[in-house]
Amino acid sequence: MEPIAPDRMKRIAWRCRRGMLENDLVLSRFLARRGSALTEDEIGMLDALLDLPDNELWDIIAGRQEPANAAVAPLVAQLRNP
Amino acid sequence: MSLEGRSVAAAASLPMRRFDAVIVGAGGAGMRASLQLAEAGLSVAVLSKVFPTRSHTVAAQGGIGASLGNMSEDHWLWHMYDTVKGSDWLGDQDAIEYMCRQAPRVVYELEHFGMPFDRNADGTIYQRPFGGHSANFGDKPVQRACAAADRTGHAMLHTLYQRNVRARTQFFVEWMALDLVRNADGEVLGVVAYEMETGDVWILQSKVTVLATGGAGRIFAASTNAFINTGDGLGMVARAGIPLEDMEFWQFHPTGVAGAGVLITEGVRGEGGILLNANGERFMERYAPNLKDLASRDVVSRSMDQEIKEGRGVGEHKDHLLLKLDHLGPEVIMKRLPSIREIAIKFANVDPIREPIPVVPTIHYQMGGIPTNIHGQVVVPRDGHHNTPVPGLYAVGECACVSVHGANRLGTNSLLDLLVFGHSAGGHIVAQNYPAQAHRDLPRDAGDAPRARLARLDAATSGESVPEIANTLRKVMQSHCGVFRNQELLAEGVSKVMAIAEQVAHTAIKDKSKVFNTARVEALELDNLIETAKATVVSAEARHESRGAQARSDYPERNDADWLKHTLWYRDGNRLDYKPVNLKPISVDSFPPKARTY
Ligand SMILES: Cc1cc2nc3c(=O)[nH]c(=O)nc-3n(C[C@H](O)[C@H](O)[C@H](O)COP(=O)(O)OP(=O)(O)OC[C@H]3O[C@@H](n4cnc5c(N)ncnc54)[C@H](O)[C@@H]3O)c2cc1C
């Protein structure tokens with residue numbers, strides 16, 4: 001498996017800074033737990049999720065809404081069940 | 001557009017770009033101001049640490065206060081009265097009159113921009129009830145909050161962002177402003193900024209600079225604020241020798257999830273949720289026999305703090321209380337409070353259907369900030385005048401202190417503040433006709449100070465850990481400058497914070513890489529957190545009275561004879577000064593101070 005480019009990971013880490021504390025907390029805990037072990041696929045999914053507006057992202061994490069892009073579902077499952 | 005090409009500032013040898021206006025912050029305040037400038041044809045750069053629509057404004061749900069009178073009769077003068085009273089008479093009445101009179105206009109303007117407000121059957125904007133909003137000078141409640149479902153902040157940011165893109169505002173996303181550039185005459189000539197993607201440092205030269213960096217709630221351990229709220233604008237002005245106003249006043253929300261900060265809305269207690277101490281006692285019955293758990297935010301916060309201080313807190317460290325919901329039954333919880341249940345499960349690891357939620361009073365909003373007048377101009381005392389504008393510098397939004405919130409903010413008045421003063425600053429700047437003026441020469445030392453900070457961080461091979469110091473600072477602020485304050489606690493807090501300030505100057509980071517180096521950004525943010533914390537604890541220690549959000553057990557009363565004045569804290573010499581509160585409105589009679597009872 002290709003190693004993840006460190007710069008890409010670092011960019012994603014910064015983009016986990018959000019406008020809502022709920023998302024900050026979930027994402028920072030997730031990165032602390034899984035950050036260094038994420039696969040290329042998972043990073044792609046996380047990147048796509050991070051493009052969502054904060055409210056939508058939180059609704060998805062909280063299980064009130066399913067992501068429009070079904071491809072990110074495996075990562076959503078991880079965020080929902082820490 | 002040759003002016004905006006990349007060039008090198010001869011004096012500073014930093015890469016440089018030039019604009020008419022540089023705005024630091026892309027929240028509601030920054031984008032309201034930038035819109036006006038871009039539409040008037042100024043070249044405008046807006047910097048933001050995060051994508052604009054991810055600014056903290058996105059978290060606001062409740063609404064925007066304006067006396068539209070769509071639900072029942074309302075008047076701006078009643079809104080003004082509520083705001084003056086809410087401020088515990090520390091708000092400046094000229095600014096409050098201006099804000100309340102402008103409120104309907106800025107709301108309709110936002111509607112015209114396409115903001116999807118909730119509507120009445122007749123098509124007018126629906127308005128919600130909210131604590132502290134009254135008709136006829138406190139007579140009866142009035143519905144004054146304009147909202148877009150529970151997405152008011154989100155809708156506002158999206159509306160403003162779209163309009164800005166159309167008006168060709170230039171966004172610098174994931175750029176962090178580090179310091180102001182000021183010349184010997186005190187004129188502000190732009191900012192030094194850090195581009196996160198490359199690690200490069202730039203000078204963004206401007207004819208006018210607007211700070212709109214939002215709140216600094218991350219100086220406290222228990223905060224409802226997002227991680228990016230580190231008071232960067234406050235640190236920038238403090239380092240530039242400009243004072244910070246009324247920093248002792250911070251609003252607490254009674255029910256943040258212990259250890260996480262996430263806000264549990266008042267609605268939970270409205271539905272019948274009750275607060276319990278370690279003995280299982282419903283202690284609010286003792287403090288507020290009538291309203292009990294539904295008493296106002298400050299009363300409930302103080303009662304909770306008292307319980308903890310007297311040893312009736314819950315948990316291993318006896319440091320929180322419990323919000324009990326299970327008696328409402330699973331149906332009510334699932335139906336009316338589903339999002340609260342989700343928050344409790346995610347952040348407190350409890351299911352409120354079975355167990356109570358651990359909660360603590362949690363920092364929510366900063367009333368003080370960078371002193372400004374109603375045009376958004378940053379003002380300082382000079383030559384015997386209390387409010388002399390700093391040439392070329394404006395501040396708007398939560399980082400600014402106009403002061404409309406005084407010692408305590410009324411709910412929904414913050415989003416209003418962003419719109420009204422974002423708009424008025426924009427108008428005032430446009431009237432200066434900056435495009436016709438030349439850029440001033442940069443001083444030779446432009447950029448030296450922030451570059452020295454970065455160079456120190458790059459060179460340091462060992463030193464204090466940034467996250468550890470930041471956490472220590474937050475804990476000290478929480479325990480020494482929390483809900484209830486007294487001389488002993490505060491004096492100790494001042495010396496602890498000053499000792500931490502020493503450590504801040506000796507931090508080190510392991511990661512020295514260029515691209516998106518979050519460790520470096522956090523070190524730079526710590527420089528701003530510490531200035532905000534110093535201003536807060538020093539101002540709080542000196543104010544020997546209780547007013548609004550400042551509650552002192554050793555001075556339990558408001559003292560208008562000695563303390564009806566604004567605090568000004570200066571970084572240099574860690575010194576305080578004061579200026580009078582403006583009790584004179586623009587066109588109506590003053591509301592003289594009286595007891596604040598609800
Ligand atoms: C949970 C919650 C709910 C709320 N609900 C309401 C409500 O219903 N009604 C109400 O009136 N108020 C409410 N408030 C308060 C209100 O939301 C805020 O006061 C307001 O949104 C602040 O807006 P702002 O534009 O000043 O700053 P922000 O929206 O915080 O924006 C700050 C901007 O500055 C940028 N920035 C900061 N530092 C730098 C730097 N160094 N370099 C570059 N950019 C920088 C950020 O990236 C961001 O773009 C609520 C607050 C919270 C926490």
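FYI, side chains are in, hydrogens and waters are out, and symmetry mates aren't considered; it's all heavy atoms of this structure.
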Would you mind telling me which of B/T224, B/V58, B/V521 has the largest number of heavy-atom pairs within less than 4.5 Å of chain A? B/V58
In terms of heavy-atom pairs under 4.5 Å, which option from A/R17, A/M20, A/R29 contacts chain B the most? A/R17
For B/T362 and B/H253, does a side-chain donor sit closer than 3.5 Å to a side-chain acceptor? no
Please look at B/K49 and chain A and tell me whether the side chain, the backbone, both or neither of the residue comes under 4.5 angstrom of a heavy atom of that chain. both
Check: B/N225 main-chain N/O paired with B/R218 side-chain donor or acceptor under 3.5 Å: yes
Can you find a side-chain donor-acceptor pair between B/D511 and B/S513 that sits under 3.5 Å? yes
So, B/W250 versus B/F220, ring centres under 6.0 angstrom or not? yes
Which answer fits B/V257, side chain, backbone, both or neither, if we ask what part of it has an atom under 4.5 Å from a heavy atom of chain A? neither
Please classify the contact of B/S223 with chain A as side chain, backbone, both or neither, using a heavy-atom distance under 4.5 Å. backbone
Quick test of your reading of the model: are B/K514 and A/D7 salt-bridged, counting only N-O distances below 4.0 Å? no
At a heavy-atom distance under 4.5 Å, which candidate from B/D150, B/N517, B/T518, B/T57 has the highest pair count against chain A? B/T518
Taking 4.0 angstrom as the limit, do A/E42 and A/R34 come out as a salt bridge? yes
Tell me which of these, B/A260, B/P338, B/G261, has more heavy-atom pairs under 4.5 Å with chain A than the rest. B/A260
Please classify the contact between B/Q61 and chain A as side chain, backbone, both or neither, with a heavy-atom cut-off of under 4.5 Å. neither
B/R341 versus chain A, the contacting section by heavy-atom distance below 4.5 Å: neither
Side chain, backbone, both or neither: which part of B/N229 has an atom under 4.5 Å from a heavy atom of chain A? neither
Option in A/N55, A/D54, A/D59, A/V26 with maximal non-hydrogen atom pairs under 4.5 Å from chain B: A/N55
